[in-house]
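All remarks here apply to the structure that follows.
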2 protein chains.
Amino acid sequence: MSTIGKALALLDTLSRLDKEAGLTDIARLCALDKATARRFLVELEKHGFVEQDLETRRYRIGSAPVRLARIREARFPLLRIAIPFIRTLAESSTETVHLSEFSAGRLSTVHVEDSPRAHRITVDVGSFLPFHATASGLAFLAFCPQAEIDEALAKPLEKFTDHTVVDPQLVRVMLDETAARGFSISHNGLEAGVVSTAAPIRTPNGHPIGCVAIAAPFSRITKAAIHEFGAQAAAAANAISEKYYGSERPMGTIPEIRRTD
Amino acid sequence: MSTIGKALALLDTLSRLDKEAGLTDIARLCALDKATARRFLVELEKHGFVEQDLETRRYRIGSAPVRLARIREARFPLLRIAIPFIRTLAESSTETVHLSEFSAGRLSTVHVEDSPRAHRITVDVGSFLPFHATASGLAFLAFCPQAEIDEALAKPLEKFTDHTVVDPQLVRVMLDETAARGFSISHNGLEAGVVSTAAPIRTPNGHPIGCVAIAAPFSRITKAAIHEFGAQAAAAANAISEKYYGSERPMGTIPEIRRTD
DNA sequence: AGCTGTGGTTCAAATAATGAACCATAAGCG
DNA sequence: CGCTTATGGTTCATTATTTGAACCACAGCT
C-alpha cells in the first residue's frame with residue numbers, strides 16, 4: 001500500500017477512536033511500527049490534520065479538516081441544503097431523522113435531527129452505515145449500478161443482530177423491493193428494536209451520493225406508518241437532490257439503473 | 001520532503017483554488033510530475049479527500065474532511081462555543097466580526113458574522129490571515145513565545161497595501177503595543193480602507209489558538225470606537241478561552257510570554 | 001535498586017516513489 | 001483533412017524514501 005494511503009488510514013483510525021490516543025496504541029491499531037506511526041503523526045501534524053496534546057502527549061484530529069470541510073461545504077453545500085428538509089421531516093414524523101453521505105467506499109452519518117420524544121433512536125454523527133444492515137445502506141445500494149451491488153455483496157456480511165440478513169441473495173431481494181418502492185425498510189438490521197426507512201439523494205444521472213433515513217422504535221410503529229415515513233423520506237431525498245444539483249434534469253437515467261415500475 | 005507532506009500540500013493547494021482543477025494544472029501548481037500528481041490524487045480519492053468530476057475529469061475537495069471535521073468539532077467544539085459570542089459581538093458593534101483558528105502554521109478564518117450595515121467589510125471563510133498584516137495575526141503573534149515571533153518575522157513580509165508594515169522591527173513594536181493593550185489594531189494592513197482590532201483565544205497556559213476580530217470601514221470609525229471594539233473583542237476572546245478549556249486556571253502564564261507592564 | 005510501561009530516535013536494508021517518455025483523445029486551424 | 005497542441009492518463013527502469021529492530025530517556029511502580 002502507498003505511504004499516503006497508510007497515513008490517511010491512520011487518520012481514519014484516529015478519527016474512529018472515542019478518545020485521544022497515545023503513540024503506542026495508534027501504532028498497534030494501525031498495524032504500523034511505532035517509528036513509522038510517529039513519522040506519520042509528525043507529518044500529519046505539520047499540516048494540521050492531527051494535533052498532539054502537549055501535556056498528555058496524546059494525539060487527536062487537528063483543525064485542518066475543519067478548514068477543508070468549510071471550503072468543501074462552501075462550494076458543495078449539501079448540508080446547508082439538506083438540513084431544512086431533515087429538520088422538517090423530524091418535526092412531522094416526530095422520529096429521529098438522519099442524513100448520510102457516501103465517502104471513501106462507505107456510507108457515513110453526517111447529520112442527525114433527534115426525535116423530540118423521550119423514547120427515541122439515537123444515531124451518532126460520523127458513524128458508518130453498513131450496506132446490508134441499514135435502511136440507508138439498502139436505499140443507497142438499490143439505486144447503484146449492478147457492478148457496485150455485486151462488489152458490496154461479495155465481501156462477507158457481518159451479522160449485527162439476530163435479524164441481520166447476511167445472505168447476499170436475500171439482500172438482493174430487499175434491494176429489488178427497495179428499488180420498486182423508492183425507499184428501503186430495515187427491521188433490526190443493525191440494532192434490535194429499531195425500524196428504519198431510507199431513500200437516496202442522487203446525482204442528475206441517478207447515482208446515489210447519500211441517504212435520508214427515519215429511524216423509530218419498533219414497538220410503536222405500524223406497517224402503514226413505516227410506509228408513510230418511507231414515502232416522506234423519498235420525497236425529501238428527491239427534493240434535496242433537485243436543489244443540490246440545480247433543476248437541470250431532476251432525475252435522469254443511467255443504463256444500469258434498477259427500476260421495476 | 002516526505003510523500004505524505006507532498007500529498008497534503010497538494011490537498012492544500014487544491015483547497016485554495018477558486019474552482020475545480022485539471023490534472024495538468026494541479027501538477028504545475030504543486031511543482032510535481034504529472035504522473036506523481038495523478039498517483040497522489042488517486043490515493044487521496046480512495047480515501048475521500050478529493051473527488052473527480054466524472055464528466056469534466058477535474059478534481060475537487062472530497063467529503064472525507066467533512067467527516068473528520070464533524071468528529072473534531074464533536075470532541076473539540078470551538079465553533080459551537082465561540083459562535084454565540086461572535087454573534088453577540090457582531091450585534092453590539094454592528095460591524096463584521098470573524099473568528100480565526102491557527103492551523104498548519106497559519107491563521108485561517110473559520111467563521112464570520114457579517115455586519116448588518118450595507119457598507120461593511122466582508123471576510124471569506126477559509127481565507128488566511130498573514131501575521132504581520134492583519135489585526136488577527138498581530139494579536140496571535142503578540143501572545144506567542146519569542147521564538148515563534150522570530151520565526152514568523154524571519155521570512156520576507158509581503159506588502160499588501162501602501163500601508164502594510166513590512167519592517168520586522170516596526171512589527172515588533174506593534175506586537176509590544178498589542179501585548180500591553182491586550183488587543184491589536186491594524187490599519188489598512190491587508191486591504192485599504194479597513195481598520196480591524198483583534199484579541200487571541202488562548203489555552204490555559206497562555207498559548208494562542210485563534211483570534212476574535214472586528215473589522216470596520218476606516219471612514220466611519222473613531223479612535224475611541226476602535227479601542228472600545230478592541231476591549232470587547234478581548235473580553236469575548238477571554239470568555240471563549242475560558243468556556244472552551246473549562247474553568248481551570250482561566251489565564252495562566254508561560255515563561256516566555258511578552259508583557260510590557 | 002530493578003522492572004515495565006511510556007514516548008521518541010537511529011541507520012542500514014528494503015521498498016516504494018519518481019519522472020521521462022509514452023499513448024489516446026479532443027479541440028483548433030490553415 | 002492532416003497537422004499541431006492541448007488534455008488526461010500510463011509505463012517501468014532508476015532513484016530516493018520509507019521502514020523497523022534495536023536503541024535511548026524518562027516515569028511510575030514493586
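Convention: sequence-line order gives letters A, B, ...; per-chain numbering from 1. In this text, all values refer to a predicted model and were calculated from it rather than measured experimentally.
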Output one line per pair: protein atom, nucleotide atom from nucleotides 16-18 of chain D, and distance, for all N/O pairs under 3.5 Å.
residue: D/dT18; atom: OP1; partner: B/T3; partner atom: N; Å: 2.7
residue: D/dT18; atom: OP1; partner: B/T3; partner atom: OG1; Å: 3.1

Measure the distance from [atom1] on [X] to [atom2] on [N] and round it to the nearest whole Å.
X	N	atom1	atom2	result
B/L32	D/dG9	CG	P	16 Å
B/E55	D/dT7	CD	P	20 Å
B/E43	D/dG9	CD	P	15 Å
B/R28	C/dG19	CZ	C1'	18 Å
A/R57	D/dG28	CZ	P	14 Å
B/I26	D/dG8	CD1	P	8 Å

**OP:** Give a yes/no on whether any side-chain N or O of B/R38 is located under 4.0 angstrom from OP1 or OP2 of D/dT10.
**Re:** yes
Rounded distance [0.5 Å steps], [atom1] in [X] versus [atom2] in [Y]:
X	Y	atom1	atom2	value
A/L11	A/I61	CG	CD1	4.5 Å
A/I240	A/I201	CD1	CD1	4.0 Å
B/R16	B/S127	CZ	OG	11.0 Å

Original post:
Between A/K6 and B/E43, is any pair of side-chain heavy atoms under 4.5 Å apart?
Top reply: no
Subject >> Side chain to side chain, B/E51 and A/F76, heavy atoms closer than 4.5 Å >> reply: yes
Original post:
When all nucleic acid strands are considered with a 4.0 Å heavy-atom cut-off, which category describes A/Q52: base, sugar-phosphate, or nothing?
Top reply: sugar-phosphate
Subject >> Overall bend - the helix from C/dA1-D/dT30 to C/dG30-D/dC1, comparing terminal axes fitted on five pairs, nearest 10 degrees >> reply: 20°
Subject >> A/D33: side chain to side chain contact (heavy atoms under 4.5 Å, CB included) partners, not counting sequence neighbours >> reply: A/A35, A/T36
**OP:** Apply side chain to side chain contact (heavy atoms under 4.5 Å, CB included) to A/Q52 and list each qualifying residue two or more places apart in sequence or on a separate chain.
**Re:** A/E45, A/R57, A/Y59
Subject >> Residue of the set A/S184, A/S100, A/P208, A/P200 for which side chain to side chain contact (heavy atoms under 4.5 Å, CB included) holds with A/F140 >> reply: A/P208
Subject >> A/K19 bridged to A/D25 by N-O distance under 4.0 Å >> reply: no
Original post:
Side chains of A/S2 and B/R39: donor-acceptor distance under 3.5 Å anywhere?
Top reply: no
**OP:** Not counting sequence neighbours, list each pair that qualifies as a side-chain hydrogen bond (donor to acceptor under 3.5 Å, both in side chains) and has a residue in residues 130-145 of chain A.
**Re:** none
Return the polar atom pairs (N/O with N/O) between nucleotides 22-27 of chain D and the protein under 3.5 Å, or none.
none

